[in-house]
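First up is the structure itself, then whatever we jot down about it.
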Amino acid sequence: MTIYKSDLIQVLTERGYMHQCTDLEGLDAKAASGCITGYIGFDATANSLHVGNLISIMMLRRMQQTGHRPIVLMGGGTTKVGDPSGKDEMRSLIEDKTISANIASIQSIFDQFLNFGTGSADAILVNNAEWLDNLHYIAFLRDIGRHFTINRMLTMDSVKIRLEREQPLTFLEFNYMILQGYDFVELHKRYECALQLGGSDQWGNIVQGTDLGRRLLDADLFGFTSPLITTASGAKMGKTANGAIWLKPERLSPYEYYQFWRNADDADVGRFLKLFTDLSLAEIKKLEKLGGSEVNDAKKILALEATTLLHGHQAADNAATTSQQTFEQGGAGDNLPSIELPLTDLSSGIAILALLQRAGFASSNGEARRLIRGGGAKINGNKIEDESLTVDRQFLSGGIIKISAGKKRHAIVRVS
């Protein structure tokens, strides 16, 4: 294993965050010589980030843990344009008031992972609308746009892939990489920021920013990207049949978040422990040696540690207890996702197809039927055989009804 001069690069590489760097030796030397400032940008396209953003958040956390200052850059300006990276079509345009509300909602997520303040290594949160909203178009084209060639922009994956698929790329989106490069320049001028981190799909945009800083400011800037995180099955991290794994508890309960990690593939556990928890490498090495049924102990630790980082000890402990009650003791844990049904609905009866949809286990009658036909739908632990079943008061057990889809998805129906 390569030994680096700086704790920052040592940690980023040995825990699996390293994919590309514009000048690894130079960045290592700079990080070893003192505190550096680095940033990652997050567009506010929703009121929550999702688990796909987690590796970026963890890289900022690793920066702070090794004595450096992280900047969380919220894209109040760039969200109005939309990053074309990895997209087949233009994002829907979002109103300013919605972007502001999304940013306000997202901020609390970072509080769980970073310490904000005025110290040399304290994180700061910045909104790029501060400078992008006030740009003068002609002056910007003349002073900044002249440093970007169409030839090079056409080679960027975010542009090239869209064109190869013969999908339209608007002039608005085409400007995104220029705005992102300009963000780096502004952050260097305002905060002496010297490092931009991001996912591998941002490599082209990041390199444009380091080049722009050199041309405009004669600044020595660095870019660092993490690999695309996929599961052992090859699926993109966080893409599930049930939708995104959100980081806000209002959109995904701590129990459901815990279960996401608890259900990780055996082959992913060691890697995910390095990337998404603070466990030491020595502890992780021991857990990686577990085989057979013992790997479930490592999965429980992964789930508990990851959930604690985001939701805190109490919520993580509750989620672990609920999981144990549900899967190991055959009960219905108190913190399972629940849906409320009016007593009148249960008195007259509700179709099982509708109930499965209300619980989020199916999106249509047809999908609910397929779930039943496949033997995956259960009520109070009993397999549902009849697609025309009507659920009424006789199914109440201890004042609740437990419905399930497969072995790992459960919900509680409560009567109000």
Side-chain angles (χ1 to χ4, degrees), residues 8-9 11-13 15-24 26-27 30-31 36-45 49-64 66 68-79 81-87 91 106 109-110 113-114 123-128 132 153 155-161 173 175-188 191 193-213 219 221-230 236-238 247 275-276:
L8 174 63
I9 300 302
V11 167
L12 289 177
T13 54
R15 294 188 80 100
Y17 297 97
M18 171 68 186
H19 180 60
Q20 293 169 296
C21 185
T22 54
D23 177 7
L24 188 60
L27 177 58
K30 188 174 182 67
I36 62 173
T37 299
Y39 88 97
I40 299 178
F42 301 86
D43 280 347
T45 55
L49 299 178
H50 52 75
V51 79
N53 302 115
L54 192 57
I55 190 167
S56 292
I57 298 173
M58 291 302 295
M59 284 198 291
L60 292 177
R61 182 176 175 85
R62 301 305 183 210
M63 279 196 70
Q64 190 164 59
T66 52
H68 303 283
R69 180 171 67 160
I71 294 178
V72 175
L73 180 67
M74 294 307 307
T78 43
T79 303
V81 175
D83 184 1
S85 299
K87 304 293 184 297
R91 281 187 178 136
I106 289 169
I109 295 172
F110 295 104
F113 294 89
L114 302 170
I124 57 175
L125 189 143
V126 182
N127 187 339
N128 64 14
L132 295 183
M153 293 170 80
T155 68
M156 299 300 170
D157 285 344
S158 60
V159 174
K160 185 169 62 175
I161 293 173
E173 297 171 285
N175 280 273
Y176 190 92
M177 69 180 74
I178 301 178
L179 297 178
Q180 185 171 330
Y182 185 67
D183 282 344
F184 204 171
V185 169
E186 278 294 323
L187 289 172
H188 182 74
Y191 305 103
C193 181
L195 171 64
Q196 181 181 177
L197 305 102
S200 58
D201 62 332
Q202 294 298 312
W203 177 250
N205 293 345
I206 290 173
V207 170
Q208 293 273 30
T210 61
D211 287 352
L212 185 63
L221 305 181
F222 301 90
F224 184 103
T225 62
S226 61
L228 174 66
I229 303 300
T230 57
K236 190 174 181 181
M237 173 78 171
L247 303 185
L275 291 170
F276 302 114

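Treat the numbers as computed from the prediction; the structure is a model and nothing was measured.
Atom OG1 of T13 and atom CG of L24 lie 7.5 Å apart (nearest 0.5 Å). Here L73 contributes atom CG and L60 contributes atom CG; the two are 10.5 Å apart, rounded to the nearest 0.5 Å. Note that CZ of R69 and CG of L114 are 13.0 Å apart. Values are rounded to the nearest 0.5 Å. Atom CZ of residue F224 and atom CD of residue Q20 lie 10.0 Å apart, to the nearest 0.5 angstrom. Once rounded to the nearest 0.5 Å, the distance linking CG of L195 with CZ of F222 reads 8.5 Å. Here the CG-CD1 distance, from L247 to I57, works out to 5.5 Å after rounding to the nearest 0.5 Å.
T210 is not listed as a side-chain neighbour of D23, based on a closest heavy-atom distance of 4.5 Å or more. For the pair Y17/L275, a side-chain contact is recorded, criterion being any heavy-atom separation below 4.5 Å from C-beta on. Considering only heavy atoms from C-beta on, D183 comes within 4.5 Å of L132 through its side chain. Residues L212 and F184 are not in side-chain contact: their nearest non-hydrogen atoms beyond the backbone lie 4.5 Å or more apart. In this structure, the side chains of T22 and W203 come closer than 4.5 Å at one or more pairs of heavy atoms. Residues L49 and F42 have side chains in contact (heavy-atom distance under 4.5 Å, counting atoms from C-beta outward).
No donor-acceptor pair closer than 3.5 Å links the side chain of R62 to the backbone N or O of L12. The closest donor-acceptor contact from the side chain of H68 to the backbone of I36 lies under 3.5 Å. Checked by atom type and distance alone, the side chain of D211 never pairs as donor or acceptor with a backbone atom of Q208 at under 3.5 Å.
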**Request:** Would you please test Y182 and N128 for side-chain contact (heavy atoms from CB on, under 4.5 Å) and show each step?
**Result:** CA-CA 10 Å; Y182 185 67; N128 64 14; over 6 Å; no
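Ring pair Y39/Y191: centre-to-centre distance not below 6.0 Å.
Nearest heavy-atom pair across H19 and S226 is CB-C, 3.5 Å. What you find for C193 and H188 is that their closest heavy atoms are O-ND1, 2.8 Å. Contact between M74 and F110 at its shortest, heavy atoms only, is SD-CE1, 4.0 Å. Heavy atoms only, all atoms of each residue included: P227 and S200 are closest at C-OG, 4.2 Å.
Of the listed residues (M59, M63, K30), just one forms a side-chain contact (heavy atoms from CB on, under 4.5 Å) with L8, and that residue is M63.
Between the side chains of Q202 and Q180, at least one donor N or O sits under 3.5 Å from an acceptor N or O.
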